[in-house]
Amino acid sequence: MQILQGKKIVLGITGGIAAYKTPELVRRLKDQGADIRVVMTTAAKAFITPLTLQAVSANAVSDSLLDSQAELAMGHIELAKWADYILIAPATADAIARITCGMANDLLTTICLATSAPIAIAPAMNQQMWHASITQENIEKLAARKYQIFGPGAGEQACGDVGLGRMLDVDDLVTLTCQFFQSNTTLNQVDLSGQTWLITAGPTREAIDPVRYISNHSSGKMGYAIAQAAKLAGAQVQIISGPVNISTPKGCEKIAVESALEMHQQAIKLAKNADVFVACAAVADYRVSNIAEQKIKKSADEMHIHLVKNPDIVADVAALKIKPFTVGFAAETQNVEHYALGKLKRKNLDMIAANNVALAGQGFNSDDNALMVFSKNSKTELPLASKHVLAAQLVELISQHQIEK
Ligand code: PMT
């Protein structure tokens, strides 16, 4: 599913070292179906060439307000009107200051002034420059004017400093851009700062012998997307994860486990300090009662494996004396609503997100999903969308219900 199909996006690139990431950003936005026109400032061209961006965007790059050829057709106004959305990444302190003041002294700032399209800004600068009160005032003013502020992230900087000011990763920028187009709300409006979210994700593996196990098709994509969405909204996020092949969202802590028993132990330990617990993992309901110490040899025509029930992780978290707001998932192949409501009640959950895992193109191991979310007295349908978009919608829904509780 291409979320940005037919969307016209102006990517403004200003002069920061993170400009070297923009060809990848263009490619990833195009992967989602967007048509990209790149506008570069003079300083941006010191970090990356217009030719590279022209090649990846498959469109001419604009870089001058005083380009007599382009201005024959009023180039700056044409681009300002063409855009459905303007993303400025990286946005330097200087560019942010000029935009805040309403200056129009280059093509990019002029387009910002002349457009009615929403504008998102991905700040990228030295941590001291980011923390400078004048930069913070500028950001506050832009946010108050409904500019979206994507990031910045924290970490080691090109100058050797450590702190806030890094441009968000390309993945995060693409996700946030997609979220803008998919939902009327954005994670910018959900503030989870000060909260801890604990999320289980991926499959569990129940060993049979040292080389074999029982597992399922969970890829971890849904759980990791929820983790990323909660992190982007400001929460501290821990993921208790079964074995998966996807990377941990930036800034989230991953606790790697294999079996349901290990996942259970970690969940009970960490849930006491969590505000929200989301059980997205596909946990094996049963485990092998006697795991063979050595590889089982082939002999008889039939073999039987004796299984015993695993503890129910989400039900045990919901039964804690001091419990987090507890959200379960229900993976069903039939009677989705009926079974999900049964699990909501039986496990004493605050909320449950049900998905039909029998339908093609959603559920286990796909990039998209659709959810029906139930609480005791509400039902919300989240139609087919990328797991990242659904995750943002689910995080917002959880946050609303958590406040109401
Ligand atoms: O990982 P992906 O490939 O992205 O796929 C996502 C998903 C399909 C795995 C996900 O959307 C999903 O449905 N996760 C829950 C899978 C599941 O185990 O569902 P269930 O209906 O069997 O379990 C109900 C709830 O109880 C779930 O929250 C589950 O995590 C929890 N559970 C189940 C058994 C157990 N022993 N302990 C548990 O906590």
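In listed order, ligands and their atoms are each counted from 1. Side chains included, hydrogens not; waters and symmetry mates left out as well; all remaining heavy atoms used.
Residues satisfying the side chain to side chain donor-acceptor pair (under 3.5 Å) criterion with Asp285, sequence neighbours excluded, are absent altogether.
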Output, or 'none' if empty, a list of ligand 1-protein atom pairs in which both atoms are N or O and the distance is under 3.5 Å, rounded to 0.1 Å.
residue, atom, partner, partner atom, Å
ligand 1, 1 (O), Ser218, OG, 2.6
ligand 1, 1 (O), Ser219, N, 3.2
ligand 1, 1 (O), Gly220, N, 2.8
ligand 1, 3 (O), Ser219, N, 2.8
ligand 1, 3 (O), Ser219, OG, 2.6
ligand 1, 3 (O), Asn365, N, 2.6
ligand 1, 4 (O), Ser219, OG, 3.4
ligand 1, 4 (O), Lys221, N, 3.3
ligand 1, 4 (O), Met222, N, 2.8
ligand 1, 4 (O), Lys387, NZ, 2.7
ligand 1, 11 (O), Asn355, OD1, 2.5
ligand 1, 13 (O), Asn355, OD1, 3.3
ligand 1, 13 (O), Asn355, ND2, 3.0
ligand 1, 14 (N), Cys280, O, 2.9
ligand 1, 19 (O), Ala331, N, 3.4
ligand 1, 21 (O), Ala331, N, 3.1
ligand 1, 21 (O), Lys343, NZ, 2.5
ligand 1, 26 (O), Lys347, NZ, 2.9
ligand 1, 28 (O), Ala279, O, 2.7
ligand 1, 28 (O), Phe329, N, 2.8
ligand 1, 28 (O), Phe329, O, 3.2
ligand 1, 30 (O), Ala279, O, 3.4
ligand 1, 30 (O), Ala281, O, 2.7
ligand 1, 36 (N), Pro311, O, 2.9
ligand 1, 37 (N), Ile313, N, 3.0
ligand 1, 39 (O), Ile313, N, 3.3
ligand 1, 39 (O), Val314, N, 2.8

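Here Lys323 pairs with Asp350 in a salt bridge; the nearest charged N to carboxylate O distance falls below 4.0 Å. Using a cutoff of 4.0 Å between basic side-chain nitrogens and carboxylate oxygens, Arg98 and Asp94 are scored as salt-bridged.
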Quiz: residues 151-169 side-chain donor-acceptor pairs under 3.5 angstrom, not counting sequence neighbours:
residue, atom, partner, partner atom, Å
Gln157, OE1, Gln127, N, 2.7
Gln157, NE2, Met125, O, 2.9
Asp161, OD2, Asn126, ND2, 2.9
Asp161, OD2, Gln127, NE2, 3.1
Arg166, NH1, Glu156, O, 2.6

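For residues 22-52, the set of pairs meeting the ring-ring contact (aromatic ring centres under 6.0 Å, His included) definition, not counting sequence neighbours, is empty.
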message: Set out, in order, the CA-CA distance, both residues' side-chain angles and the distance that settles side chain to side chain contact (heavy atoms under 4.5 Å, CB included) for Arg28 and Asp171, then state yes or no.
response: CA-CA 8 Å; Arg28 298 287 313 284; Asp171 274 356; 2.5 Å; yes

